[in-house]
Amino acid sequence: MFRRMKSPRRPPRITSASVAGAALNTPLHGLRVVELARVLAGPFAGQIFADLGAEVIKVESPDGDGTRQWGPPWITRDNGDREAAYYHACNRGKRSVVADFNVEEDLARVRQICSTADVVIENFKPGALEKYGLDYDSLAENADRLIYCSISGFGQDGPRRNEPGYDFVVQAMSGLMSITGEPEGEPMKSGVSMSDLACGLWSANAIQAALLMRERTGRGQWIDMSLLDCSVGLLANQATSYFATGLNPPRKGNAHAQVVPYGVFEVSDGAVVLAPANDRLFVRLMRVLKRDDLGSDARLQDNAGRIEHRDWLESEITREVICWTSKALLEACRTAGVPAGPIHDLENVFADPQVMAREMAVEAEGITGVRSPFRFSNAELALGEPSPRLGQHDWPDWQN
């Protein structure tokens, strides 16, 4: 269903027609998801389900999802409609209906479509949907198989329950910023909305786990997802280091707290990443650099020794690699089996032969995006439709 790019700037065109024949072979064909969500975490989870073939119905206010206006940059459709590029990053393949929750007729339609859903995803403040009868308890009264996923900044309980959640704030509060950035610099956030995106991914995982459990028990359930929880969950080895030592892990910039050498090194025409993450790979890199003396140095025979002598060792490597071009060094590392790579900007990412071979950029009706990174041996993704126009699918026959 994918076609290879003909040039770095032209992704494979995936049309509705080309996908239609494979629609019944998508992993989640027949699943209905109602998305009462806006901005990023909830819509990103919804887009994952849309890519996997679920019918995702995005319920928007008359003003639409706020990200439609988060430009520039803008994307203009063939009919002249214009939305922010940001909106298209997390709404591909959905249906859009408009509802004003303060209008009873609209609210009745939303309740009705939720009653037919397998999954509802919402990211209102905790308790905000109760007055509309769109909370889990109200909907589950007549739909005990419903999987209902609530996404909020801080979860459905706890002292911060009622506070709004914003990605930047959560990256700061979760500890992610404290371990990101240069040692002497200020704490840094990620270059993408990591807390939102991680919560969307965790939520999609939780929903599919609940769907599998429903097959066993016959009952749905309420899933409580928090941006803060999901971000704290990403601390991984840094958290276990803290638990083991009682010490806050320092910011290491591009260095690794537990592995040496492992980082960015300047070459004659730029910089590359070198990541020899074990003893064997370290020896191989030293062989590439013609520094067998370092590879056999008793002080550097294990990772603990290399951490102890980090500054001296990295200075020695820096002195060697500056004499190489990036192309020559990366080719030598590839031949030797040493993990290494270039530092791409996005233009180079989508021109990279490996990214092109994996067909990560897809186009639908002139709008280019990044597909969900799933590859199945006996199923396809549903990538034929772009993000919907506001109210494009307002309440047709399929609402029943």
Side-chain angles (χ1 to χ4, degrees), residues 171-172 174-192 194-195 198 231-330 332-334 336-346 348-349:
Q171 285 198 46
S174 66
L176 289 176
M177 287 181 62
S178 76
I179 56 175
T180 305
E182 293 298 327
E184 303 304 322
E186 64 180 7
M188 296 293 292
K189 69 179 181 65
S190 171
V192 295
M194 183 62 68
S195 294
S231 298
V232 171
L234 294 176
L235 293 175
N237 62 295
Q238 297 282 33
T240 54
S241 294
Y242 166 72
F243 294 141
T245 66
L247 300 175
N248 285 307
R251 288 190 298 280
K252 303 294 290 185
N254 287 315
H256 195 293
Q258 284 85 35
V259 180
V260 176
Y262 197 98
V264 173
F265 293 89
E266 296 289 331
V267 290
S268 64
D269 57 349
V272 299
V273 165
L274 300 177
N278 59 42
D279 299 341
R280 173 175 49 84
L281 293 174
F282 169 68
V283 171
R284 288 185 184 180
L285 176 60
M286 295 306 99
R287 194 171 298 141
V288 167
L289 299 179
K290 297 180 172 53
R291 289 299 304 268
D292 289 328
D293 59 311
L294 296 177
S296 60
D297 192 311
R299 296 168 294 176
L300 307 176
Q301 290 306 293
D302 59 26
N303 189 64
R306 294 192 291 275
I307 288 177
E308 182 181 354
H309 297 93
R310 178 195 295 266
D311 292 343
W312 167 69
L313 174 58
E314 290 185 343
S315 68
E316 290 294 306
I317 294 173
T318 297
R319 186 169 64 185
E320 297 297 335
V321 300
I322 195 66
C323 301
W324 293 69
T325 65
S326 58
K327 180 179 180 180
L329 181 56
L330 293 176
C333 286
R334 187 179 302 114
V338 175
I343 302 172
H344 282 334
D345 58 20
L346 268 63
N348 287 323
V349 168

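Hydrogens, waters and symmetry mates are skipped; everything else that's a heavy atom, side chains included, is used.
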Straight-line distance of [X] [atom1] to [Y] [atom2], nearest 0.5 Å:
X      : Y      : atom1 : atom2 : value
Met194 : Met177 : CE    : CE    : 13.0 Å
Ser268 : Leu329 : OG    : CG    : 9.5 Å
Asn278 : Asp302 : CG    : CG    : 12.0 Å
Met286 : Asp293 : CE    : CG    : 9.5 Å
Leu294 : Trp312 : CG    : CH2   : 5.0 Å
Met188 : Ser178 : CE    : OG    : 13.5 Å

(message) Quick one: does any side-chain atom of Gln301 pair with a main-chain N or O of Gly295 as donor and acceptor, under 3.5 Å?
(response) yes
(message) Please check: side-chain N/O of Arg306 versus main-chain N/O of Val260, any donor-acceptor pairing under 3.5 Å?
(response) yes
Give me the atom names and distance for the closest heavy-atom approach of [X] to [Y].
X      : Y      : answer
His309 : Leu300 : CB-CD2, 4.1 Å
Ile307 : Ala257 : CD1-O, 4.2 Å
Ile317 : Leu289 : CG2-CD1, 4.1 Å
Trp324 : Val288 : CZ2-O, 3.4 Å
Ser326 : Asp269 : N-OD1, 2.9 Å
Val338 : Pro276 : CG1-CB, 4.4 Å

Min side-chain heavy-atom separation [X]-[Y] under 4.5 Å:
X      : Y      : answer
His256 : Lys252 : no
Pro261 : Leu274 : no
Asp292 : Arg287 : yes
Pro342 : Leu330 : yes

(request) Decide side chain to side chain contact (heavy atoms under 4.5 Å, CB included) for Leu235 and Ile179; before the verdict, give the C-alpha distance in whole Å, the side-chain angles of both, and the deciding distance to 0.1 Å. (result) CA-CA 9 Å; Leu235 293 175; Ile179 56 175; 4.1 Å; yes
(message) Please determine whether the number of non-hydrogen atoms from other residues, nucleotides or ligands lying under 6.0 Å from atom OH of Tyr262 exceeds 12.
(response) no
(message) Set out, in order, the CA-CA distance, both residues' side-chain angles and the distance that settles side chain to side chain contact (heavy atoms under 4.5 Å, CB included) for Leu285 and Cys333, then state yes or no.
(response) CA-CA 7 Å; Leu285 176 60; Cys333 286; 4.2 Å; yes
